[in-house]
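Read the structure below first, then the notes.
Computed from a prediction, not measured in an experiment: that's the story for all the values here. Chain letters run A, B, ... following the sequence lines, proteins first and then strands; every chain starts at 1.
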There are 2 protein chains.
Amino acid sequence: MPGDTKARIQEVARELFVRQGVQNTSLRQISERLGITKPALYYHFASREDLVRSILQPLVDDLERFVDTRPPGEARAGEARALLEDCFELMWRHREVTTMIVRELSLLGTLDLGERVFAWQRRMIALLLGPDPTPELQIRATVALGGMSDCTVEYAHLPVAQVKRAAVEAAAAALALP
Amino acid sequence: MPGDTKARIQEVARELFVRQGVQNTSLRQISERLGITKPALYYHFASREDLVRSILQPLVDDLERFVDTRPPGEARAGEARALLEDCFELMWRHREVTTMIVRELSLLGTLDLGERVFAWQRRMIALLLGPDPTPELQIRATVALGGMSDCTVEYAHLPVAQVKRAAVEAAAAALALP
DNA sequence: GTCTATACCTAGATAGAC
DNA sequence: GTCTATCTAGGTATAGAC
């Protein structure tokens, strides 16, 4: 099927990025693996950055949609836990990209996605704990959210249900949720 | 003082690595900042990898010493919390290097430090929870330890005491410590 | 211990034919 | 949409003078 070369490039690139890191993957490797030449990539993507960004973007978009579609203000008792569960599932669904980001956090900066993810984190914390949380609560939220994302990376080989239950449990406890 | 050029190189390199990431820092930048030439660096370090490793090593050594100097077996009640506190302080003391690693986790792999850090984590979990913890407990420990290291990076501008108290509190809760 | 000079490679990227 | 050919910039690293 002609026309899906772009998708195939992203597929191969994502696989290599996850396996050996983004910084350690060259366009040459990607094109060789596809059986095409390097310049051919440039027909589909304006630059290497563009290719990488196109792979990370869906996760960032989904994260933003996630907080956009919830009513603002602090979650009621019991709702916060559901929020953590849904958030975990989102990160798990995108776990290949989550892995890329966790292993090379600095990517967000070089791709100008850092600000967006940072803003997302603030809004997420506001949903969990209300606006203007104390530094103490922000720190607890960082443990909770950072911990959950680490788990989607480190325990990607275990069954979802098991990881989800334990990770959400730990995150909720870190937040001192009831 | 002649003879401390090596230390000055490490100092400048560490600063640049923290500010703009390891991968985005070239030997040219380091040598220019020092007012020496690129080849001069090669008198002090066999390679770029060697330089980077020499900067990360002290943290890894300290982590290993940390678990080496504690009696094996599960910590008693109350001891686990002290263990988390000491661990936090260690990461905070090395927080420049901790930052480098958290932002570019994949460095550990390329420098052959990944195995050592992974083994450290297993031993640390054994100290906290006893040998052969269930997957559930391992996941909780990942949230706790990963969360604490994230905090040393993200809240490096706040007073130690405040970050330490909140981060250890959250980590202990994630572990379901009494 | 530090310099000049340079070799060598690989990367990302472009021009233009087909 | 993909190719060949090529450019340029930057990287790591070495040889040999001082």
Side-chain angles (χ1 to χ4, degrees), chain A residues 1-57 100-101 103-104 106-114, chain B residues 1-57 100 103-114:
Chain A
M1 344 148 175
D4 70 346
T5 309
K6 185 163 179 170
R8 285 180 51 234
I9 294 173
Q10 291 171 319
E11 207 177 314
V12 166
R14 183 166 44 240
E15 195 199 318
L16 290 172
F17 288 162
V18 172
R19 261 231 314 274
Q20 56 192 23
V22 176
Q23 311 264 16
N24 297 324
T25 303
S26 66
L27 296 183
R28 187 183 51 77
Q29 270 184 303
I30 295 169
S31 60
E32 270 178 7
R33 170 75 63 109
L34 280 160
I36 64 178
T37 60
K38 234 183 348 167
L41 298 177
Y42 282 87
Y43 176 80
H44 300 278
F45 299 94
S47 67
R48 178 196 147 93
E49 266 204 1
D50 203 46
L51 167 59
V52 178
R53 196 181 351 253
S54 80
I55 291 175
L56 302 195
Q57 196 94 32
M100 284 169 53
I101 293 179
R103 291 221 262 251
E104 278 162 287
S106 57
L107 280 178
L108 294 178
T110 58
L111 295 174
D112 293 315
L113 292 171
Chain B
M1 300 162 194
D4 68 347
T5 308
K6 183 164 181 171
R8 285 178 52 231
I9 294 173
Q10 292 171 317
E11 208 176 312
V12 166
R14 181 164 47 238
E15 196 199 317
L16 290 172
F17 288 163
V18 172
R19 262 232 312 274
Q20 56 192 23
V22 175
Q23 312 264 16
N24 297 323
T25 303
S26 66
L27 296 184
R28 187 183 53 76
Q29 272 183 302
I30 294 169
S31 59
E32 270 179 7
R33 171 74 63 109
L34 281 161
I36 65 178
T37 61
K38 249 191 320 178
L41 297 176
Y42 282 87
Y43 175 79
H44 300 279
F45 299 95
S47 67
R48 179 195 149 90
E49 265 204 2
D50 203 44
L51 167 59
V52 177
R53 195 178 354 249
S54 80
I55 291 174
L56 303 194
Q57 196 94 31
M100 286 170 51
R103 291 220 263 250
E104 278 163 286
L105 255 190
S106 56
L107 279 178
L108 294 178
T110 57
L111 294 174
D112 293 315
L113 292 171

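Contacts of residues 15-33 of chain B with DNA chain D (heavy atom under 4.0 Å): B:Ser26, B:Leu27, B:Arg28.
Whole-Å rounding puts the B:Lys38 NZ to C:dC8 P distance at 15 Å. Atoms CD (B:Glu49) and C1' (D:dT12) sit 11 Å apart, rounded to a whole Å. For the pair A:Tyr42 OH and D:dA5 C1', the computed distance is 16 Å after rounding to whole Å. Regarding A:Phe45, its CZ atom lies at a distance of 15 Å from the P atom of C:dT14, rounded to whole Å. Whole-Å rounding puts the B:Asp50 CG to D:dT12 P distance at 13 Å. Spacing between atom CG of B:Leu41 and atom P of D:dT14 amounts to 13 Å, rounded to whole angstrom units.
For the pair B:Arg48 (side chain) and B:Leu27 (backbone), a donor-acceptor distance under 3.5 Å is absent. The backbone N or O of B:Gly21 lies less than 3.5 Å from no partner atom in the side chain of B:Arg103, so there is not a single donor-acceptor pair.
Considering every non-hydrogen atom in both B:Thr110 and B:Glu49, the closest pair reads O-OE2, 3.3 Å.
Side-chain contact check for B:Gln23 and A:Glu104: no donor-acceptor pair (N or O, by modelled atom type) lies under 3.5 Å.
Relative to the side chain of A:Thr37, the nucleotides C:dT2, D:dT4, C:dA13 differ in distance, and D:dT4 lies closest. The side chain of B:Ala40 sits closest to C:dC3 out of C:dA13, C:dC3, D:dG1.
Phosphate contact (OP1/OP2 of D:dG1, side-chain N/O of A:Thr5, threshold under 4.0 Å): absent.
Considering A:Arg33, A:Arg19, A:Gln20 in turn, A:Gln20 is the only one that fulfils the side chain to side chain contact (heavy atoms under 4.5 Å, CB included) rule with A:Thr25.
In this structure, A:Pro39 and A:Tyr43 both approach DNA chain D, and ranking their closest nucleotides by distance from the 5' end singles out A:Tyr43.
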